[in-house]
Amino acid sequence: MSDPTASAPAPSALVASAPTASAPAASAPAPSGPTTSAPATPAPTASALAAPAPTAATPAPPGPTASAPAASTPSAPAPAPPTPTPPVPADERLRRWRLVLGGGDADGTGRVLTGTDAAVDGALAALYDRHPDDHGHDYERDRTSTGTGRSRTAGLGASVPSVVRWLGDIRAYFPAPVVQVMQRDAIDRLGLATLLLEPEMLAAVEPDVHLVGTLLSLRDAMPETTRETARAVVRKVADDLERRLAARTRATLTGALDRSARTSRPRHRDIDWDRTIRANLKNHLPEHRTVVPERLVGHARAARGVRKEVVLCVDQSGSMAASVVHAAVFAAVLASLRTIATRLVVFDTAVADLTDRLDDPVDVLFGTRLGGGTDIDRALAHCQAGITRPADTVVVLISDLYEGGARDGLTKRVAAMKASGTQVVVLLALSDEGTPAYDRDRAAALAALGVPAFACTPDLFPEIMAAALEKRPLPIPAD
């Protein structure tokens, strides 16, 4: 175990590293040029800087005359070595180890926590030190404990007020990203998902993508009194994502180049210089070493009346919850672009077309049904049936590729779509969580067709879509 005392610099280290008024001024250059009223002292050399300063009894060297050679320029002094971090006091080291180990006779610190430290320890204990017989543990009792001689015991109990108080405490003690992690752990470790059906519980949580996924999975069990509170939580997360992602997505995709079309009157930034030079080689002027471009060749921009089509086909099995949330937000943003016709299809063993709800991502999310099996081939068949212009269509399949339908149906369907001219993109995930578990055999089969499968972050998705719409190579992130 690494020493927790090494991670936090002591405040005195920050003070010690600040420059002081006693810093040497030897690097300041002397005024140039001799004066007529007093002899000038020659500038010190690097060796002179290292020599001891002359005493008062040492006679000063005579000043140079106007014909004397110029003095050499002083070299910069060597940087001062970094100030070492002072050692952490023994009592502080014990306090940190006590918070890491959790107390009890086995921790060996003998340190007693009081005040805020005891409260932080109690909040952590309620979640991470739970034992099988702790179902009835009372967090309210522990949060008022002084922390003296108490080992961590755990449990939030089944009381909504107790959980709400715990949520309020962790929001006071920890930053928001840590709070979100602890909330997810509480739902997974302590089985608190059903408590999210209580309005007062929902009002106390820190909204994030994972919480939205949990709420959507509980949608059918949610009482009417909780539904509006749940929609407010989902709305906040969706709005935050849209504010973060919408502007960049629109800026990246609006006016995207149609690389398959050419024009003889391109804008300057749309000129294809290689083709332009080749088309004008007959106008080469050797004496001027130049080519006169009588005819420009460039990429045509998509006209407003010429629309691209994007179909998002999203796996809504339980493991894809975060991807479903991000896909719903992106679908709503794409649908707001006049030059792109967007469809959203979600699937498990059944297929649901949510295109008519794209004006509101919250309605889209409440139209999903997380969990269940997977039939990817059936979903792609539904998408393929609605494609009217294959050459202008991009199908984005978001799935971990675990197929419950026809074994070879997925690869055959993708091959048929590519043969018709449809661009197919396969994302194993659309989230910030990295590459999930996925069916590697099917991913390899798709790669053999020229359709690589990879995980994509929300920040990279606009560039992926722009490349797909322009029929450029996809900017696949490195593993």
Side-chain angles (χ1 to χ4, degrees), residues 187-188 193-194 196-197 209-222 227 230-231 234 237-238 310-332 342-358 360-387 395-414 417 424-431 433 435-443 445-446 451 453 455-456 461:
I187 292 170
D188 295 339
T194 54
L196 294 175
L197 302 178
V209 169
H210 300 277
L211 178 63
V212 169
T214 302
L215 290 177
L216 295 178
S217 67
L218 296 172
R219 183 190 60 178
D220 292 339
M222 195 173 292
R227 195 171 294 274
R231 286 185 69 89
V234 175
V237 174
V310 173
V311 183
L312 298 179
C313 186
V314 185
D315 184 344
Q316 62 176 352
S317 57
S319 60
M320 302 294 294
S323 297
V324 170
V325 176
H326 287 109
V329 173
F330 274 118
T342 304
R343 293 170 56 201
L344 176 63
V345 174
V346 298
F347 66 92
D348 41 34
T349 52
V351 179
D353 195 319
L354 303 180
T355 303
D356 58 346
R357 304 189 185 192
L358 288 182
D360 187 351
V362 176
D363 285 343
V364 171
L365 289 171
F366 274 91
T368 62
R369 187 181 300 274
L370 296 180
T374 308
D375 193 337
I376 306 175
D377 180 52
R378 182 177 182 181
L380 287 179
H382 177 88
C383 297
Q384 187 179 26
I387 296 175
V395 174
V396 182
L397 172 64
I398 304 175
S399 172
D400 54 17
L401 301 180
Y402 287 114
E403 173 68 291
R407 177 69 187 173
D408 299 324
L410 168 61
T411 51
K412 292 180 180 178
R413 186 77 57 183
V414 170
M417 295 171 77
V424 181
V425 178
V426 178
L427 303 181
L428 301 172
L430 180 55
S431 70
E433 300 174 351
T435 303
Y438 65 95
D439 190 317
R440 296 181 180 273
D441 291 338
R442 285 191 175 83
L446 291 174
V451 183
C456 174
F461 185 74

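Keep in mind that the numbers below use all heavy atoms, side chains included, and drop hydrogens, waters and symmetry copies. Keep in mind that what you see is a predicted model, and the values were worked out from it rather than measured.
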Indicate the atoms forming the closest heavy-atom contact of L380 with C313, along with that distance. CD2-SG, 4.3 Å
Looking only at non-hydrogen atoms, find the nearest pair between A328 and P361 and report the distance. O-CB, 4.1 Å
Sequence neighbours left out, what passes ring-ring contact (aromatic ring centres under 6.0 Å, His included) with F461? Give chain and number order. F330
For R357, give me all partners under salt bridge (charged side-chain N to carboxylate O under 4.0 Å, His left out), at least two apart in sequence or on another chain. none
Counting distance only, does the side-chain N/O of [X] pair as donor-acceptor with the main-chain N or O of [Y] below 3.5 Å?
{"X": "H326", "Y": "A322", "result": "yes"}
{"X": "T355", "Y": "L344", "result": "yes"}
{"X": "Y438", "Y": "Y402", "result": "no"}

Which pairs with one or both residues in residues 364-377 pass salt bridge (charged side-chain N to carboxylate O under 4.0 Å, His left out), sequence neighbours excluded? D220-R369, D377-R413
Check whether any side-chain heavy atom of [X] lies under 4.5 Å from a side-chain heavy atom of [Y], and answer yes or no.
{"X": "V396", "Y": "L430", "result": "no"}
{"X": "L397", "Y": "L410", "result": "yes"}
{"X": "Q316", "Y": "L216", "result": "no"}
{"X": "L446", "Y": "V414", "result": "yes"}

Got a second to check how far [X]'s [atom1] is from [Y]'s [atom2], nearest 0.5 Å?
{"X": "M320", "Y": "L427", "atom1": "CE", "atom2": "CG", "value": "8.5 Å"}
{"X": "R343", "Y": "L354", "atom1": "CZ", "atom2": "CG", "value": "11.5 Å"}
{"X": "D348", "Y": "R378", "atom1": "CG", "atom2": "CZ", "value": "9.5 Å"}
{"X": "C383", "Y": "L312", "atom1": "SG", "atom2": "CG", "value": "9.0 Å"}
{"X": "I398", "Y": "S431", "atom1": "CD1", "atom2": "OG", "value": "10.0 Å"}

Side chain to side chain donor-acceptor pair (under 3.5 Å) involving [X] - partner list, sequence neighbours excluded:
{"X": "S399", "value": "D315"}
{"X": "D363", "value": "R231"}
{"X": "T349", "value": "none"}
{"X": "D356", "value": "none"}

Only one of T411, D439, I376 forms a side chain to side chain contact (heavy atoms under 4.5 Å, CB included) with E403, so which one is it? I376
Just to verify, what does [X] make a side chain to side chain contact (heavy atoms under 4.5 Å, CB included) with, not counting sequence neighbours?
{"X": "S319", "answer": "S317, D400"}
{"X": "H210", "answer": "R184, D208, E433"}
{"X": "A453", "answer": "L401, V426, L428, A443"}

